[in-house]
Amino acid sequence: MTTSCQHIDTTRFSLPTAFTKVYKDECTQCFDSQDLSEGIDVCLTCFNGGCVSSDRHHAKLHFEKTAHPLAVNIRRVVKPKREEGTPPPQKMSKLAILPENYEPTYEYITKVRCYACTGVEAPKSVNSEITSIVDAVLAATSSAKQSDIKAWEEEITACEHTLCLEQDAPHKLEPQSFAHCSMCDLKENLWLCLTCGHLACGRRHYDGSGGNNHAVDHAKQTGHAVACKLGTITPEGTADIYCYQCDDAKLDGNLATHLANWGINVLDQSKTEKSMTELQLEQNMKFDFSMTTEDGKHLEPKFGPGYTGIKNLGNSCYIASVLQSVFDIPAFQERYGVSLAQHAAECTVEDPATCWHCQMHKMADGLLSGRYSQPSKSDNDDGVPTQDGIAPSMLKTLIGRGHEEFSTMRQQDAFEFFQFLCKFLTQKEHAHDKHHDPTKLFDFTLESRLQCQQCHKVRYQLDDASAISLNIPARKVESDTATAMQDAAYEPVDFYECMDLFVADETVDGYNCPQCNTKTMADKSIKFKTVPDVLVIQARRFAFIDWVPQKLNIKINFPEGQINLDKYLGHGLQPGEEELPEDKAPEPTVDSGALEQLMAMGFGENRCKRALLNTGNNGAEVAMNWLFEHMEDPDIDAPLTAAAPESTSNADPAQVSMLMEMGFSAAQANKALRETDNNAERALDWLFSHPDDQGNDGAAQQEAQGPAGHASLPFDFGLQAFVSHKGTSVHCGHYVAHVLKDGDWILYNDNKVAVSVNAPIGEGYLYFLHKK
């Protein structure tokens, strides 16, 4: 590019701010990154990242859609390792936990490209304005890093105990006071009581590490609530603060003053220990499924289409394991791979990173194309080739946006994420065309049966479901070495025994039988009315130990080959069974005080209640005026029913019209508004949570729609994938996925993919069974 290019002089730039999304790590529509030999192009107008590959060329596609002419091509190259004698890396800071052996440094190679001038190039020094904008892009925090930092930084606030902290008389603590815990010899994980200056060790972890609970004991004995972790104090006046009264991490806005009370000057401090957030991350990163066989041989790595690993973003293994399992399903591959192949050219969303179509296709393409599953030299000395894999940063940010848990980088439950992912996809698909929704493969119908033990009459009910949870019975093997419940050995359990327990009768105490008109005992059981194409099973191996859920190591013996579930089919009302009558609808509640006032005036109870209900329980005076206006109504003294007042039965036409503009039918809009008392916002949520409800009522809708799933026998399944969890607690640990491909079990351990010699099927947490 020469200075004769008009775009050099005519294009005006706005430098990115701290809040600007700069997509410089990777393309927003595929996983090509700045680490590839071609690098990626970052638009100098809107900072979108686009690949420059010859077959996709999303950077060029971005120019064709936006007419933004100039982009900077960024290529990142790893510098050689540090030589002996070079300065050490900077001191540890938050969000900077890296392998201890080598912290890579990079060199950035840039060139400016004008797409309006057929892609001719020039160095960034072509003029001062170009130099400034390119330097600003290089210096900016990338969008991925912004999301990570925001997710990691928990919203820690002050509490009444930090705001109203009262300290003992000031005095300077002697250096020897900081040498170790005042109650034992531990020298790390020390917490300073900000009230009295007492120094004690932290909590004992589940595995016995950490401390001896002396800081907790001190807080209980003295009532001193607030403590500061030594070693985390920075010159900026920040540190780990914990309130034992609130039992949570808190913020101390006057920390510098509170520490000065004990002779500690924050300006002289430096961070020498990991914070609580960093320790949690480190603990989870330590859990790792072995990539070697029992005889020490390395597992055979796999590369190519369908064998792409997913990088761990810190605590994102629960996402990776679920995505690997669902993208093995052909319907997911078709919907988000093949059918969206041309979506990038047609997408009208300004920022592709916020388009769920773009991000789901990006994930499908990344996992299935094989481009990002190429063997590379290992950093270890074992000589086993590895792969970089793909990082699901944009998809995680998009799906988790606004969610209290999935928007963070904390460890989450894989089953809860699977359910959340299905709900997210269902809402998005049904807003466009529900017939494309691949999550329908998980849907089926359960039949619940309730029988009163006194009159022996029964009731059957159908409920929609997308997964089942099996309680795994825990039978200890007697051992002298096991000291805790989670350390004990347990007998293996047969899969069909778990299924038998799932459908077994359970006793309902205090059932209010509509036939007996009294509280009785009842038996309740659940069976399949239909089965799905893919049955998802959660294996619940948890027990509460000291009020904390702990995982129990119980192996499930799965049948080899085909799994038949025929005997778990429900058959509905049987000959000789009598149905229970419908439950009596509860009478609507009214303001008892206003009711007494009206009845004291001589009005009958039924008409008083009717007046209060039809005036929204707004007091005796309003109800009395209603009574005077409706004294001649023929049903004024009729018994009340649970039906809503007539005044609230009709939907607001303006709200119906608004919902119809969003793509819903008039019947759907009217029913949603009826179900939510004409609240448009709640009606919209109701529509998204009832995507298959077409607005028909009761049996008519069920008859027209039919139950989800398959009702015809045989119910034969095969185990196709499972997700395993390693770790003692539901709050930490590591997830991996095993997927059956061409007769081999393939282990997906983050970005490591290999053939599993002895797949631990019996240790799974989530199982994906495909119908034969």
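Keep in mind it's a predicted model, so treat the numbers as computed, not measured.
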Checklist line | Heavy-atom donor-acceptor pair, S724 side chain to V736 backbone, under 3.5 Å | finding: no
Notebook entry, point to check: Strictly by modelled atom types, are H725 and D413 linked by a side-chain donor-acceptor pair under 3.5 Å?
Noted result: no
Margin query: F717 and side-chain contact (heavy atoms from CB on, under 4.5 Å): which single residue from V531, I537, V534, D533 fits?
Written below: V531
Item checked: Test item: V458 and L573 side chains (from C-beta on) under 4.5 Å apart, heavy atoms -> yes
Notebook entry, point to check: Quick one: does S339's side chain have a donor or acceptor within less than 3.5 Å of a partner on E334's backbone?
Noted result: yes
Check: Looking just at side-chain N and O atoms, do E577 and Y460 make a donor-acceptor pair shorter than 3.5 Å?
Finding: yes
Notebook entry, point to check: Checking side chain to side chain contact (heavy atoms under 4.5 Å, CB included) for the pair F442/T426: CA distance, chi angles, key distance, verdict?
Noted result: CA-CA 11 Å; F442 303 122; T426 297; over 6 Å; no
Next item on the list: Classify the angle between the aromatic ring planes of F31 and Y372 as parallel (below 30°), tilted (30 to 60°) or perpendicular (above 60°).
Entry: perpendicular
Margin query: Are more than 12 heavy atoms, taken from residues, nucleotides or ligands other than E560, located less than 6.0 Å from that residue's CD atom?
Written below: no
Check: Can you check whether F327 reaches M360 side chain to side chain, under 4.5 Å on heavy atoms?
Finding: yes
Next item on the list: Start with the C-alpha distance between L299 and K752, add both sets of side-chain angles, then the distance that settles side chain to side chain contact (heavy atoms under 4.5 Å, CB included), and finish with yes or no.
Entry: CA-CA 10 Å; L299 299 181; K752 298 181 286 290; over 6 Å; no
Checklist line | E188 atom CD, over 12 foreign heavy atoms within 6.0 Å | finding: no
Notebook entry, point to check: Minimum heavy-atom separation for G366 to S369, with atom names?
Noted result: O-OG, 4.2 Å
Next item on the list: Any chance you could measure D443, atom CG, to D437, atom CG, to the nearest 0.5 Å?
Entry: 7.5 Å
Note to self: Quick one: does any side-chain atom of S376 pair with a main-chain N or O of T386 as donor and acceptor, under 3.5 Å?
What the structure shows: yes
Next item on the list: Say whether, by atom type as modelled, one donor and one acceptor occur between the side chain of Q387 and the main chain of F303 under 3.5 angstrom.
Entry: no
Item checked: Cationic N near anionic O, under 4.0 Å, E26 to K362 -> yes
Notebook entry, point to check: How many angstroms lie between CH2 in W356 and CD1 in I399, if you round to the nearest 0.5 Å?
Noted result: 10.0 Å
Item checked: Closest contact, heavy atoms only, D523 versus Q453 -> OD1-NE2, 2.9 Å
Next item on the list: Taking the six-membered ring for Trp and the single ring otherwise, decide whether the centroids of Y765 and F415 are under 6.0 Å apart.
Entry: no
Next item on the list: Calculate, to the nearest 0.5 Å, the distance between atoms CG and NE2 belonging to L535 and H770 respectively.
Entry: 10.0 Å
Check: Within the distance-only criterion (no hydrogens, no angle test), does the side chain of R541 pair as donor or acceptor with the backbone N or O of I554 below 3.5 angstrom?
Finding: yes
Item checked: Counterpart residues, side-chain contact (heavy atoms from CB on, under 4.5 Å), relative to D566 (two or more places apart) -> N564, L713, P714, F715
Next item on the list: Would you give the length of the straight line joining atom CD of Q324 to atom OH of Y748, rounded to the nearest 0.5 angstrom?
Entry: 5.5 Å
Checklist line | Distance-minimising heavy-atom pair for P473 and E497 | finding: CG-OE2, 3.8 Å
Item checked: Side chains of H734 and D750 in contact at under 4.5 Å (non-hydrogen atoms) -> yes
Margin query: I'd like to know if the side chain of T530 and the backbone of T445 have a donor-acceptor N/O pair within less than 3.5 Å.
Written below: yes
Next item on the list: Evaluate the side chain to side chain contact (heavy atoms under 4.5 Å, CB included) criterion for residues L747 and K302: first the C-alpha distance (whole Å), next the side-chain angles of each, then the deciding distance (0.1 Å), finally the verdict.
Entry: CA-CA 9 Å; L747 167 62; K302 296 290 288 184; over 6 Å; no
Notebook entry, point to check: Does some side-chain heavy atom of L313 sit less than 4.5 Å from a side-chain heavy atom of I319?
Noted result: no
Check: When the ring centroid of H361 is compared with that of Y336, is the distance short of 6.0 Å?
Finding: no
Item checked: Residue pair D463 / S448: nearest heavy atoms and the distance that separates them -> OD2-OG, 3.8 Å
Checklist line | Inter-residue atom distance Q359.CD - M363.CE, 0.5 Å rounding | finding: 8.0 Å
Item checked: K771 NZ: over 12 foreign heavy atoms closer than 6.0 Å -> yes
Notebook entry, point to check: Can you name the residues that form a ring-ring contact (aromatic ring centres under 6.0 Å, His included) with F558, not counting sequence neighbours?
Noted result: F495, Y767
Next item on the list: Ignoring hydrogens and angles, tell me if any N or O in the side chain of S373 forms a donor-acceptor pair with the backbone of Y307 under 3.5 Å.
Entry: yes
Check: Y735 versus V322: any side-chain heavy-atom pair under 4.5 Å?
Finding: no
Check: In a check of side-chain hydrogen bond (donor to acceptor under 3.5 Å, both in side chains) between E429 and each of R335, H435, H436, which one passes?
Finding: R335
Side chains of residues 502-510: which donor-acceptor pairs under 3.5 Å do they make with residues two or more places apart or in other chains?
none

Margin query: Test your reading of the model: is there a side-chain donor-acceptor pair from E763 to the backbone of A759, 3.5 Å cut-off?
Written below: no
Check: If you look at every heavy atom in A522 and L450, which pair is closest and at what distance?
Finding: CB-CD1, 3.9 Å
Output side-chain donor-acceptor pairs under 3.5 Å for residues 739-746, partner residues at least two apart or in another chain, one line each.
residue : atom : partner : partner atom : Å
K741    : NZ   : D328    : OD1          : 3.4

Margin query: I'd like to check K396 versus L323 (side-chain heavy atoms, cut-off strictly below 4.5 Å). Are they in contact?
Written below: no
Next item on the list: Check step by step if side chain to side chain contact (heavy atoms under 4.5 Å, CB included) holds for R371 and D365.
Entry: CA-CA 9 Å; R371 286 195 305 275; D365 177 70; 2.2 Å; yes
Check: Quick one: side-chain contact (heavy atoms from CB on, under 4.5 Å) partners of N751, sequence neighbours excluded?
Finding: K311
Margin query: Nearest 0.5 angstrom please: K529 NZ to Q461 CD, how far?
Written below: 13.0 Å
Next item on the list: Looking only at non-hydrogen atoms, find the nearest pair between T308 and L367 and report the distance.
Entry: OG1-O, 3.4 Å
Check: How would you list, by chain and number, every residue that makes a ring-ring contact (aromatic ring centres under 6.0 Å, His included) with F417, sequence neighbours excluded?
Finding: Y318, F406
Next item on the list: Using a strict 4.0 Å threshold on nitrogen-to-oxygen distance, state whether D247 and R203 make a salt bridge.
Entry: yes
